[in-house]
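Just below is one structure, and these are the notes that go with it.
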Amino acid sequence: MGEISNFQLGVVGALFLSVASSVSIVICNKALMSNLGFPFATTLTSWHLMVTYCTLHVAHRLNFFESKPIDTKTVVLFGMLNGISIGFLNLSLGFNSVGFYQMTKLAIIPFTVMLETIVLKKQFSSKIRLSLFLLLVGVGIASITDLQLNFMGTVLSLLAIITTCVGQILTNTIQKRLSVSSTQLLYQSAPFQAAILFVSGPFLDQCLTNKNVFAYKYSPVVLAFIILSCLISVSVNFSTFLVIGKTSPVTYQVLGHLKTCLVLGFGYTLLHDPFTERNLIGILVAIAGMGLYSYFCTQESKKKQGDLCLGSQIKDKETAALLAGVHQDKESHEVKKSNKDSLV
């Protein structure tokens, strides 16, 4: 029971760290891009990953964690896939309206459920599916304002959905099957994610903004916000791998939509963004869906733990009965042998 409590405490801590760091970096990046005019999102992400790797490297040298070797091909492909998915998400935002981009993010959950069901044979109960549906409806009401379709944007959105889902499923699968921690996997894969974005980032950003990141005039305030964003990103990247490893890709996406609701709320409170009754209704519906998802997941987890305990008790009883039978046979054999010796 102590191990289960520690695990649950670890999950709660990971979820809280993910929410706090993600909301913080969204607010920081919004100030950097909207207020200070720094629009180079993909290049900034590559800097995030480089700072994350450097931080983990220092932590590794100070023996805060042990590096576990992972197959090079697996790490390279995994890192490149995650880097490509970030690029596709940014391109999707650039080629689509904000409403269609939000639809793209919403589509990640059902696509992940479908992939895990088909490929990993994972079962999702009707209650879980209902709570996810309610969540998606709520977030859709709160965040989708317009839907403008175009062929290139639709293709990029589909590629973003596929690469993001596969990348997050692999994040969970690699940690569990290879018995590596979130820190070890992030440490091994971050250089490859950073490399692909560092090379492609300036080109993608120029396509999307018609501006050159190397020609941008960096003021002290912009540099300060970039440094702050990079420091927060260490926590964001670490908590992302931690949450997916301890829970599941679907739970991580549910958490992402909670962040969306919080960002809308903070935007209204701190930045005085426009806020309507539709936003409020959508957020309340989404929170209801999240609450139901959390409740149903907890109930199913307790049921599985109960089944495991029952199975363990039955197995212990069978083992005890078997040992008792062996002991009884041994005693019977010794009695027969004793009687035979006395007859002789």
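The shown structure was predicted, so the numbers you read here are calculated from the model rather than taken from an experiment.
T240 is not listed as a side-chain neighbour of L186, based on a closest heavy-atom distance of 4.5 Å or more. No side-chain heavy atom of F296 sits under 4.5 Å from any side-chain heavy atom of L130. Side-chain contact between P39 and D205 is absent, with no heavy atoms from C-beta onward closer than 4.5 Å. In this structure the side chain of V213 never reaches within 4.5 angstrom of the side chain of F203, judged on heavy atoms. Between K217 and V222 the shortest side-chain heavy-atom distance does not fall below 4.5 Å. Within the 4.5 Å cutoff, the side chain of L158 has no heavy atoms near those of the T104 side chain. Between T52 and S233, some side-chain heavy-atom pair lies under the 4.5 Å cut-off.
The six-membered or imidazole ring of Y216 lies away from that of F214, with a centre-to-centre distance of 6.0 Å or more.
Residues forming a side chain to side chain donor-acceptor pair (under 3.5 Å) with T45 (at least two apart in sequence, or on another chain): none. By the side chain to side chain donor-acceptor pair (under 3.5 Å) test, N29 is found to be paired with S229, residues two or more places apart in sequence or in another chain being considered. Every residue meeting the side chain to side chain donor-acceptor pair (under 3.5 Å) condition with S181, not counting sequence neighbours, appears here in chain and number order: Q184.
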I25 vs H48, test: side chain to side chain contact (heavy atoms under 4.5 Å, CB included). Steps then yes/no.
CA-CA 11 Å; I25 203 169; H48 287 170; 3.8 Å; yes

Go through it in stages, so that I can follow the logic: the residues are V250 and V113, the test is side chain to side chain contact (heavy atoms under 4.5 Å, CB included), and I'd like the CA-CA distance, side-chain angles, deciding distance and then a yes or no.
CA-CA 7 Å; V250 173; V113 170; 3.9 Å; yes

Run the side chain to side chain contact (heavy atoms under 4.5 Å, CB included) test on F241 and N237 for me, step by step, so that the C-alpha distance in whole Å, both residues' side-chain angles and the decisive distance to 0.1 Å come before the verdict.
CA-CA 7 Å; F241 278 61; N237 291 325; 5.5 Å; no

For residues 287-294, run the donor-acceptor check on the side chains, cut-off 3.5 Å, and write out each pair with its distance to 0.1 Å, sequence neighbours left out.
unit_1 : atom_1 : unit_2 : atom_2 : d
Y293   : OH     : T251   : OG1    : 2.7

Less than 3.5 Å apart, which donor and acceptor atoms pair up between the side chains of residues 70-78 and the rest of the protein, not counting sequence neighbours?
unit_1 : atom_1 : unit_2 : atom_2 : d
D71    : OD2    : T74    : N      : 3.2
D71    : OD2    : T74    : OG1    : 3.0

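Sorted by first and then second residue, the side-chain hydrogen bond (donor to acceptor under 3.5 Å, both in side chains) pairs involving residues 160-180 (not counting sequence neighbours) are Q168-Q253. The stretch residues 170-193 participates, sequence neighbours left out, in these ring pair (Phe, Tyr, Trp, His ring centres under 6.0 Å) pairs: Y53-Y187, H60-Y187, F65-Y187. Within the structure, every pair that satisfies the side-chain hydrogen bond (donor to acceptor under 3.5 Å, both in side chains) test and touches residues 111-130, not counting sequence neighbours, is listed here: S125-E300. A side-chain hydrogen bond (donor to acceptor under 3.5 Å, both in side chains) check over residues 188-204, counting only residues at least two apart or in different chains, returns the pairs S67-Q188, S189-Q193. Sorted by first and then second residue, the ring pair (Phe, Tyr, Trp, His ring centres under 6.0 Å) pairs with a member in residues 104-140 form an empty list; sequence neighbours excluded. Among residue pairs with one or both ends in residues 162-184, none qualify as ring pair (Phe, Tyr, Trp, His ring centres under 6.0 Å); sequence neighbours excluded.
In this structure, N35 CG and K30 NZ are separated by 8.5 Å, a value rounded to the nearest 0.5 Å. Once rounded to the nearest 0.5 Å, the distance linking CG of L242 with OG of S182 reads 4.0 Å. The structure places CG of L170 at 10.5 Å from CD1 of I244, a figure rounded to the nearest 0.5 Å. Taking CG of L89 as the reference point, atom CD1 of I161 lies at 9.0 Å (rounded to 0.5 Å).
Other cluster members for V234: V51, joined by side-chain heavy-atom distances under 4.5 Å among Ile, Leu, Val, Met, Phe, Trp and Tyr.
Crowding of M152 atom CE: a count of heavy atoms from other residues, nucleotides or ligands under 6.0 Å not exceeding 12. Counting heavy atoms of neighbouring residues, nucleotides and ligands inside a 6.0 Å radius, atom CE of M33 exceeds 12 of them. By the 6.0 Å contact criterion, OH on Y218 is enclosed, its count of non-hydrogen atoms from other residues, nucleotides or ligands being greater than 12.
The closest donor-acceptor contact from the side chain of T43 to the backbone of F40 lies at 3.5 Å or more, if one exists at all. Without hydrogens or angle criteria, S131 side chain to I128 main chain gives a donor-acceptor distance under 3.5 Å.
Taking all atoms of both residues into account, the shortest heavy-atom contact from A194 to L49 is CB-CB, 3.7 Å.
Ring orientation note: the planes of F38 and W47 are tilted relative to one another, at an angle of 30° to 60°.
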